[in-house]
Peer 1: 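Input: one structure, supplied below.
All values derive from a computational prediction rather than experimental measurement. Hydrogens, waters and symmetry mates play no part in the numbers below; they use all other heavy atoms, side chains included. We count residues from 1, following the sequence as given.
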Amino acid sequence: MTNGPILLTPGPVQIPESVRAVMAQPIFHHRTPRFRELFERVTGKLKFVFRTQNPVYTLVGSGSAGMEAAVVNFHSPGDEVLVLDTGKFGSRFTELARVFGLCPRVIEVPWGEAVDPSQFEKALTQFPRVKSVFVQLCETSTAVLNDIRAIGEKVRRTDALLIVDAIAGLAADVLETDAWAVDAVIGGSQKALMLPPGLAFISVSPKAQARMRQSSLPRYYFDLQKYEKNLVSGDTPFTPGTMLVWAADEALDLILSEGLENVWARSRELGDFTRAELSAMGFRIFSKAPSSSLTAAVFPEGFDAKKFIRLLREQKNVTVAGGQGAMKNRMMRVAHMGSIGKEELQAGFQAMREILAGMEKSEQRVA
Ligand SMILES: *Cc1c(COP(=O)(O)O)cnc(C)c1O
């Protein structure tokens, strides 16, 4: 696989050949026993990967569709909510909450750090009326992994729901939805689930289901009660992403046949390997609580990060993501989730070393 382009971005990720082959098959109609069987099977496998007995709903849309569904289904206008903001995707929850007329209380965690459980506990005491707590498992803008278990221990003793964006972390970082009392987990197809973009997933606990029935924000396409009603017969309320659901059947099989624990362990090892290689090249590892999904690496002072990322793509066919927000042009982000293997990472790092050497040489010539 190392002769072609190497995609090391934190979404979309490379898609295994067997999953691509499924999507080349002829389409079929979804109001059929064939689709219902497929959809029930996929939903069962999703529950396994989510580590939950709760229903998991499949929406057509990118991951953010799942984030919006979590905001509109569990809240009423004016509800106070607590957002644990560890980066760009944390801020998206604040934006969503504002747009839908909620009152977000925000803990802004410095970029590169994880939520401090004791700071969180204080906020929970300070704002006892919050209806929900929003947080990322893996915050992809900083490669930070939050301690969902510790947060869940506090939230489960309150009436608030714990809503976790695991779009990047799911099937790379350890997540125990039921054991850690997470009320809603949001997933997306184009991250460690090894699918193209286009599907969002959301699990809903009994506590969240009860809330859903009382909450009054307007919703239509993302109304999870419609999805709940349809799921009983293996249906979806609207036209499903048929080929993506079929592809998910195959991709989830790959995860389950390797074993979810083994996938977690592999991603962690690749994360260790990535951080060691990038440190040796002179990068600074940005995250103080590194995720197994991706690594964020800061360029040395004064280095032309934009040029490096462009040359890497144009000359070596290796694509990584740049920094976001304040870390734009100062950082790169390298994914090691899904089907990305050691071989691709090694080839990627070799290409990086060659580009670095070339840039150092030409800079000396300029000086
Ligand atoms: C990718 C990602 C999202 C969703 O992005 P979409 O572009 O809507 O798929 C949300 N949260 C996190 C943590 C992500 O990594």
Side-chain angles (χ1 to χ4, degrees), residues 50 54 57 59 62-111 113-117 119-142 144-170 173 175 177 180-188 200-205 207-209 211-212 215 217 219 222 224 289 291:
F50 275 65
N54 299 330
Y57 303 116
L59 312 172
S62 78
S64 302
M67 297 171 79
E68 181 163 328
V71 169
V72 298
N73 279 279
F74 306 134
H75 302 96
S76 301
D79 276 358
E80 210 178 329
V81 296
L82 183 61
V83 179
L84 309 182
D85 182 340
T86 45
K88 183 178 179 257
F89 293 102
S91 304
R92 184 164 298 177
F93 273 134
T94 310
E95 286 168 20
L96 275 161
R98 290 218 173 96
V99 162
F100 287 100
L102 306 185
C103 174
R105 309 292 184 186
V106 184
I107 300 187
E108 270 188 51
V109 179
W111 275 41
E113 291 175 24
V115 174
D116 170 1
Q119 191 194 2
F120 164 65
E121 197 170 12
K122 255 184 247 151
L124 211 52
T125 331
Q126 194 187 346
F127 305 112
R129 283 187 312 277
V130 294
K131 294 281 188 182
S132 296
V133 175
F134 291 97
V135 66
Q136 272 59 39
L137 171 65
C138 163
E139 167 55 68
T140 319
S141 62
T142 61
V144 157
L145 179 70
N146 283 308
D147 189 347
I148 302 303
R149 183 210 293 246
I151 294 167
E153 259 163 38
K154 313 266 187 305
V155 180
R156 76 196 310 168
R157 289 189 242 122
T158 72
D159 290 333
L161 302 179
L162 175 56
I163 297 171
V164 173
D165 165 4
I167 295 169
L170 189 72
D173 291 303
L175 174 64
T177 298
W180 297 352
V182 186
D183 294 296
V185 169
I186 303 154
F201 310 102
I202 181 165
S203 71
V204 180
S205 73
K207 187 175 168 185
Q209 266 166 19
R211 172 76 69 72
M212 192 157 83
S215 60
L217 272 184
R219 51 204 183 232
F222 295 137
L224 293 180
S291 157

Peer 1: Pair D173, S291 - check side-chain hydrogen bond (donor to acceptor under 3.5 Å, both in side chains), show working.
Peer 2: CA-CA 7 Å; D173 291 303; S291 157; 2.7 Å; yes
Peer 1: Any non-hydrogen side-chain atom of F93 less than 4.5 Å from a side-chain atom of Q136?
Peer 2: yes
Peer 1: How many angstroms lie between atom CD of E68 and atom CZ of F222, to the nearest 0.5 angstrom?
Peer 2: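 Between E68 CD and F222 CZ, I get 5.5 Å after rounding to 0.5 Å.
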Peer 1: Ignoring hydrogens, what is the shortest heavy-atom contact between A168 and C138? Give both atom names and the distance.
Peer 2: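 Closest heavy-atom pair between A168 and C138: CB-SG, 4.1 Å.
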Peer 1: Does the S132 side chain pair with the main chain of V81, one donor and one acceptor, at a distance under 3.5 Å?
Peer 2: no
Peer 1: Start with the C-alpha gap between S91 and D85, add the side-chain angles, then the distance that decides, and say whether side-chain hydrogen bond (donor to acceptor under 3.5 Å, both in side chains) holds.
Peer 2: CA-CA 6 Å; S91 304; D85 182 340; 2.8 Å; yes
Peer 1: Kindly indicate whether the side chain of V115, heavy atoms from C-beta on, has any atom under 4.5 Å from the side chain of V135.
Peer 2: yes
Peer 1: Taking E139 for its side chain and G90 for its backbone only, find out whether a donor-acceptor pair lies under 3.5 Å.
Peer 2: yes
Peer 1: I need the I186 CD1 to I163 CD1 distance, nearest 0.5 Å.
Peer 2: 6.5 Å
Peer 1: If you take all heavy atoms of K154 and P117, which pair is closest and at what distance?
Peer 2: CE-O, 4.3 Å
Peer 1: What I'd like to find out is whether the side chain of L224 reaches to under 4.5 Å of the side chain of L59, using heavy atoms alone.
Peer 2: yes
Peer 1: If every non-hydrogen atom of A184 is compared with every non-hydrogen atom of F74, which pair is closest and at what distance?
Peer 2: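 Distance-wise, the nearest heavy atoms are CB-CE1, 3.9 Å.
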Peer 1: Relative to each other, are the rings of H75 and F134 parallel, tilted or perpendicular (30° and 60° limits)?
Peer 2: tilted
Peer 1: Mind checking whether M67 and I167 have side chains closer than 4.5 Å, heavy atoms only?
Peer 2: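 Yes; the side chains approach each other to less than 4.5 Å.
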Peer 1: For T177 and V182, indicate whether the former's side chain and the latter's backbone hold a donor-acceptor pair under 3.5 Å.
Peer 2: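 Checking the backbone N and O of V182 against the side chain of T177, no donor-acceptor pair under 3.5 Å is found.
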Peer 1: For the atom pair CG (L84) and CG (D165), what is the distance rounded to the nearest 0.5 Å?
Peer 2: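 Here the interatomic distance stands at 12.0 Å.
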Peer 1: So V130 and T158, do their side chains get closer than 4.5 Å, heavy atoms only?
Peer 2: no
Peer 1: Are the side chain of N146 and the backbone of A114 linked by a donor-acceptor contact shorter than 3.5 Å?
Peer 2: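 Looks like no, no N/O pair under 3.5 Å.
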Peer 1: So which atom in S205 and which in N54 form the shortest heavy-atom distance, rounded to 0.1 Å?
Peer 2: CA-ND2, 3.3 Å
Peer 1: Please report the interatomic distance CD(Q126) to CD(Q119), rounded to the nearest 0.5 Å.
Peer 2: 10.0 Å
Peer 1: Are more than 12 heavy atoms from other residues, nucleotides or ligands located less than 6.0 Å from atom CG of D116?
Peer 2: yes
Peer 1: Is a side-chain donor or acceptor of D79 paired with a backbone partner of K131 at a separation under 3.5 angstrom?
Peer 2: no
Peer 1: Out of curiosity, M212 CE to R219 CZ, how far, rounded to the nearest 0.5 Å?
Peer 2: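 M212 CE to R219 CZ: 7.5 Å, rounded to 0.5 Å.
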Peer 1: Looking only at non-hydrogen atoms, find the nearest pair between L137 and L170 and report the distance.
Peer 2: CD2-N, 4.1 Å
Peer 1: Quick one: are F120 and V155 in side-chain contact, heavy atoms under 4.5 Å?
Peer 2: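 Yes. Closest side-chain heavy atoms under 4.5 Å.
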Peer 1: Could you tell me whether a side-chain N or O of R211 sits under 3.5 Å from a main-chain N or O of D159, the two making a donor and an acceptor?
Peer 2: yes
Peer 1: Once you round to the nearest 0.5 Å, how far does OG1 of T94 lie from CG of L102?
Peer 2: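 One gets 11.0 Å once the value is rounded to the nearest 0.5 Å.
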Peer 1: So, do L162 and D183 sit near enough that their side-chain heavy atoms are less than 4.5 Å apart?
Peer 2: yes
